[in-house]
Amino acid sequence: MVKNEEWYFDQKGKRFDGRGQFEQRPINLKVGVIDRADGSAYVEWGQNKAVAAVYGPREMLPKHMANPNKATIRYFYRMAPFSVPDRKNPKPGRREIEISKVSGEALSRAAELEQFPNTAIDVFVTILDANAGTRITALLAASLALADAGIPMKDLVSGTSVGKAGGKLISDLSKHEEDAPDAVDLPIAMLPNSDEVVLMQMDGPLTEKEFNEILEVARKSCKEIKDMQVKVLKERFKDDFNGD
Amino acid sequence: MVKNEEWYFDQKGKRFDGRGQFEQRPINLKVGVIDRADGSAYVEWGQNKAVAAVYGPREMLPKHMANPNKATIRYFYRMAPFSVPDRKNPKPGRREIEISKVSGEALSRAAELEQFPNTAIDVFVTILDANAGTRITALLAASLALADAGIPMKDLVSGTSVGKAGGKLISDLSKHEEDAPDAVDLPIAMLPNSDEVVLMQMDGPLTEKEFNEILEVARKSCKEIKDMQVKVLKERFKDDFNGD
Amino acid sequence: MVKNEEWYFDQKGKRFDGRGQFEQRPINLKVGVIDRADGSAYVEWGQNKAVAAVYGPREMLPKHMANPNKATIRYFYRMAPFSVPDRKNPKPGRREIEISKVSGEALSRAAELEQFPNTAIDVFVTILDANAGTRITALLAASLALADAGIPMKDLVSGTSVGKAGGKLISDLSKHEEDAPDAVDLPIAMLPNSDEVVLMQMDGPLTEKEFNEILEVARKSCKEIKDMQVKVLKERFKDDFNGD
Amino acid sequence: MVIKMKEHFYEAEMVKQEIAENKRLSKRGFLDTRDISMELNTLLNADGSCIFTYGKTKIIAGVKILIDKPYPDNPDEGSISIGIELSPMSDPSFGTGPPDETSIELSRVVDRALRESKGIDWKKLCIKEGKFVWMVYVDMYIMNNDGNLFDACEYAALAAMKNARFPKIELTEDTCTIVKGEYENKVVEFTNDPLLFTFVKIDDKIILDPELVEEAASNARFSIAITNDKKMVAIQKGAEGSFKIDEIKDIVSIALKNYDVVHKKLMNAMKKK
Amino acid sequence: MVIKMKEHFYEAEMVKQEIAENKRLSKRGFLDTRDISMELNTLLNADGSCIFTYGKTKIIAGVKILIDKPYPDNPDEGSISIGIELSPMSDPSFGTGPPDETSIELSRVVDRALRESKGIDWKKLCIKEGKFVWMVYVDMYIMNNDGNLFDACEYAALAAMKNARFPKIELTEDTCTIVKGEYENKVVEFTNDPLLFTFVKIDDKIILDPELVEEAASNARFSIAITNDKKMVAIQKGAEGSFKIDEIKDIVSIALKNYDVVHKKLMNAMKKK
Amino acid sequence: MVIKMKEHFYEAEMVKQEIAENKRLSKRGFLDTRDISMELNTLLNADGSCIFTYGKTKIIAGVKILIDKPYPDNPDEGSISIGIELSPMSDPSFGTGPPDETSIELSRVVDRALRESKGIDWKKLCIKEGKFVWMVYVDMYIMNNDGNLFDACEYAALAAMKNARFPKIELTEDTCTIVKGEYENKVVEFTNDPLLFTFVKIDDKIILDPELVEEAASNARFSIAITNDKKMVAIQKGAEGSFKIDEIKDIVSIALKNYDVVHKKLMNAMKKK
């Protein structure tokens, strides 16, 4: 890694890692990676690596937390101590708790929770390697694991990050770009079918014009990523799909 | 604030802040300050500021903590991080836990808890600004909030602090006096009607004679303060009182 | 205490503290030392001092932890802050938790737990003074306390430590020997009647030959110590034994 | 915060009916914000304080400005810390115990709105490079929760910080100590006054600055922080509902339009006291 | 400590009947204290220890004297720390887990009785001003609880400290380390021997030094610490009952009268061993 | 780990029947170990990593090598730290929350197997005596639990450490900092490759390297660590059952005989990638 190289675009408009302005890092999806889980998935997004497991619907304990109208998704986003340049304390921090909350809410919109009142659906995601964009990497894995577990879903949750670095709008910031002085990071998750945004966070200054422009980029990316998710699930359930 | 001024009485016998030997700081009582609480109160005592809220009687959770013979008062005395010269760690410390215990016991004597078996009455008091005497400031607020919540009470809990500084017995020590080398602080709470002491703590040396003398000062102060409490409750329930 | 004296055997083959190669430190057993416990015992083993108390069989709380087929032994091995050369943090550490687990498992083998389904048998052991060998000192005390509580047992749990220091196999390492560069510590607990090993741990290198040799020493010691345990229990229940 | 409370079920139904008829129970327009008032620096042990009311929502914010060691990465920068306690005092649905995910989200969103604005110059919080920097702690208590804690806390924190005084210090080569009870003639400078705007969605309608019953009736939340140069500096979408892309664009545009109105309200309330 | 235990309900009723007839189950007078005995310094890893019995109540107190940094406010003063574990070993009503309010109150009252006496000169616990001071840790375990843990723990802590030896140290300009296993010929000096006296009220009678069943029958507790110059140095009223002002005056007067008797008991027990 | 799981009750019964007929469900011999494979250093933020599979049991081990201060007792020695999270991800019987006694035992046994081998020279982990040493953190996650986590974690930790690179540092008189992203050409040296061998007892039969259902059918566990010079370096007997002295002697002898086989498996798997 070259340190302190504060440039973000070369003369040909290529980014630090050679990507084009709205080019995403390579994404690699895998479903069914943990035998004992009800559903599981593994996602690589550039250097980011996330494993997700789903257990449930199962009994909610303690019982007084159960919702009589629907299942409750409990989402645990955790970073392995070795997943970041400095060793992370294994105890979950406030950042992990916040990300778990908004990610669980995003998934809740997608799943048909009303079919399983009083139960819990536990979603565990561990980040093994991190380089900007882990919450979305995690959420893609979680969404695939949920589908793998056979939980009925209105739509898959798809997502990406967009933002800005070195004066230009870009897709899918790397850590290098996230550390730019003018960096804006805008993770977003959608249900592409219905054009619904189920997760959005943003750090750093954007004008309205920039925001509206980058939002359209994100919308398009989410659709593309969803196609990749569908493809991998189809392979997983090949027999079922063929059987139809 | 003038530092390290180690005097406690001037030539006219006035104290550092101009008060007479047994003169208390101004007290300001207000009832019904938190809309969503069952009862609430705000007390200023000199610089001390306490807000109290009462919730209950309500279901005791966890259930095995419930007392089948009466309601249980749970008292939470807490100091805001910004309420003291040094920032206080937001986590409750051992001092706060001890004060909560003896204050809750004091209130329990006053309230007709037998009328509400198996329930909890939760009393939350937060100190916003502190200058010696906060546990009694808190207890006055709690007692008013309990009355405001309509909990039947044998008597209002009233209280004050007495003690010694600069060689003389005094009422209502300020922080400056509490830091005197010979300081004695004696917080006391009473049910004035029945002359019952429900809270008493003391730090620092007193002779029996001094103790007996200062106790009578405290007894008188408690009665006076109770009159103030009654007055503010009467105003709060003006219509009810008039209606009788 | 003489510091840094790195010898383990003198010219006559005596150890640092004057003991012979397979000689144990003096052991002193006492049963029935805590009035309010269902059973209790006190064991001194050299400088080691352990007090054990047993409560139960009693209701298991929380209930969902109860085993419908048998009683559950919960073992709490704790070191007093003043029991070691440096002050120990009063909060139980990972070492104490591991020792509690394997010791509780050892006791579980001895006790007729099937007679008391759904209950808990709580075993509390506190080390007051420590000088190598506390887990076995604790387990002897716990075993006696269990018998004192009248819990039916297949056999008493007896135990000892064996190992190596200064190049030779030895019994019952002292702290001085435990700190030897080639130290091996092998705590072991048995049900001597049935020749069953219920606890064994080991740190440090041994050859198979050494291991087999020292194991026989341990087997013999366990039998001897069990005789001491039986003796003290007989005295405790003299009338019962005589009555037979 | 979308709070699910049984006691609000009936009221929430009423809210929905009114909203369906394009009305709010409070008679406010969908995009109107409530009145703001405050009492500044009434807490004497705090280095700054603000007792803040937004409609009937009431926040107490206290500031302590302490000396700290800088992070090795940023040896000449101080920082801020935002803590919000959802005291069980102010709302029966809040528990005792350590901060839960609800209060963590709230604290972090308020923190980001203030921090990402870059309106504080961290270097101005440096006392001595590599050795001593200022750490500005803002602790907040909810005294009454009538909805929209996000915006209320952010405004309260901003007002409290802008009026907080720096303690006087004694600085030597190796030590730096606060002179208790004495202050410098200097406050925390915030150059671009970031303001948070929180919207909720009730059925398919979007309203600004929800009250508690409106939150109970809603299923999605959107918060956006805007600075005085009309930049968006932080966003948080919350709760289990969703927004369409076009709804989000509308929200942003409304928030930008509302900035000046709310900023003026806030500045006026600040001047009064 | 007023412990509510079902198993003591019947006994508590008997206590009340006896008390009503001005008798105690133990045949003691209302204001008599129990016998004291102790074993000193039998725990070799402790810098001082006291296995203390007060009637059938039994406490193990261990002292560790460690090197610490002084507080900036008091650069030339050491301190003490009192920790009492209500071990579930000695009483089925005590739980495992971190100290609860009962053990916190107990520890803090014992701490105040010792600390507020000013019988220890904190400056004598200074090793090197601004750098190193002694911290005297007294940790106690209840080995048997037959009532009046307040007084028993306070006496045990006092006896243990008065007989604890200071470790030998090696001191350089910047370092201070304990030489393990070696001691100075110096103990913790307590000049005025504060003693705690705890009373409980059963119906309208007041008794000194309650046993466990008497505590179960009582509804109010009063503890007062007295020094050898007959000054009161600490008070704690506990439990849900109350005392009249005149009852409190009586209690104080009785405690003062009992000081010499109990002090002699304690000193005699200390000498024996 | 002997896990009592209802879902495994039926399978456990089948295991017992097979075992009684001297067969294993997996067709393995009683003393055969499963296949080993691994992917090394695929995690880029770790200083070393090993995704390890032992049959269907799968472990992810990540190494971070950090600068730390040495203990005063050993000013020229570094150390290792082994942390194993029984993530609820991989097994529905694992909980969230802090490590429980099961994961503490597992971590400590793996730690002892590695540490007591004395195969790492702690002095080689010294950067500057009295000031800076290396601390090697190995954190492991269970990705799939098909039994014998003890051996799988120990093998994974060993492989991860042996392939972990030391970060490049900048060292001055008083400071030592890691140069992020750059490495020395140096790995953690382990001279004697300690391997753990875990047996369980099912009725009166003893088998090596149990699968999960075999653990469910068993009632006693025995783990022994062996080094390449055929020394035993650590033992842990676990679970509520027992072993006869002679059974233990047999186990030791079998483990010693199996060392070379398993060591070769492990080294081969290490080379492949």
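Below, chain A is the first sequence line, B the second, and so on; all start at residue 1.
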Are [X] and [Y] side-chain neighbours, meaning at least one heavy-atom pair lies under 4.5 Å?
| X | Y | value |
| --- | --- | --- |
| D/Gln236 | A/Glu98 | yes |
| D/Lys237 | A/Ile188 | no |
| A/Gln201 | D/Arg108 | no |
| A/Met202 | D/Arg112 | no |
| A/Arg109 | D/Asn219 | yes |
| D/Lys231 | A/Thr207 | yes |

Between atom [atom1] of [X] and atom [atom2] of [Y], what is the distance when rounded to the nearest 0.5 Å?
| X | Y | atom1 | atom2 | answer |
| --- | --- | --- | --- | --- |
| D/Thr102 | A/Ile97 | OG1 | CD1 | 11.0 Å |
| D/Arg115 | A/Asp203 | CZ | CG | 10.0 Å |
| D/Lys118 | A/Asp182 | NZ | CG | 8.0 Å |
| D/Asp246 | A/Arg219 | CG | CZ | 5.5 Å |
| D/Leu256 | A/Phe211 | CG | CZ | 10.0 Å |
| A/Met190 | D/Lys244 | CE | NZ | 9.0 Å |

Handout entry: Contact winner vs chain A - D/Ile226, D/Ile104, D/Asp100, D/Ile245, heavy-atom pairs under 4.5 Å
Key = D/Ile245
Exercise for the section: Select, from D/Glu247, D/Lys230, D/Glu105, the one with the greatest count of heavy-atom pairs under 4.5 Å involving chain A. Expected result: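 The candidate making the most pairs under 4.5 Å is D/Glu105.
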Can you establish whether the number of heavy atoms outside [X] located under 6.0 Å from its atom [atom1] is more than 12?
| X | atom1 | value |
| --- | --- | --- |
| D/Lys205 | NZ | yes |
| A/Lys154 | NZ | yes |
| A/Met65 | CE | no |
| A/Gln21 | CD | yes |
| D/Lys264 | NZ | no |

Please classify the contact of [X] with chain D as side chain, backbone, both or neither, using a heavy-atom distance under 4.5 Å.
| X | result |
| --- | --- |
| A/Pro181 | backbone |
| A/Glu216 | side chain |
| A/Val198 | both |

Exercise for the section: Just do the side-chain contact (heavy atoms from CB on, under 4.5 Å) check on A/Ile73 and D/Glu240 with the steps written out, would you? Expected result: CA-CA 11 Å; A/Ile73 286 184; D/Glu240 296 188 359; over 6 Å; no
Problem - Cationic N near anionic O, under 4.0 Å, A/Glu105 to D/Arg221 - result: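 Salt bridge absent between A/Glu105 and D/Arg221.
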Exercise for the section: Select, from A/Pro205, A/Ser100, A/Ala106, the one with the greatest count of heavy-atom pairs under 4.5 Å involving chain D. Expected result: A/Pro205
Practice task
Flag the one option from A/Ser194, A/Ser108, A/Gly204, A/Ala218 with the top tally of heavy-atom pairs under 4.5 Å to chain D.
Solution key: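 Answer, by heavy-atom pair count under 4.5 Å with chain D: A/Gly204.
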Completion exercise
What one should report as the nearest heavy-atom pair of D/Ile82 and A/Arg94 is O-NH2, 4.3 Å
Practice task
Check whether D/Thr227 gets within reach of chain A through its side chain, its backbone, both or neither, counting any heavy atom under 4.5 Å.
Solution key: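 For D/Thr227, there is no contact with chain A at all, as no heavy atom is under 4.5 Å.
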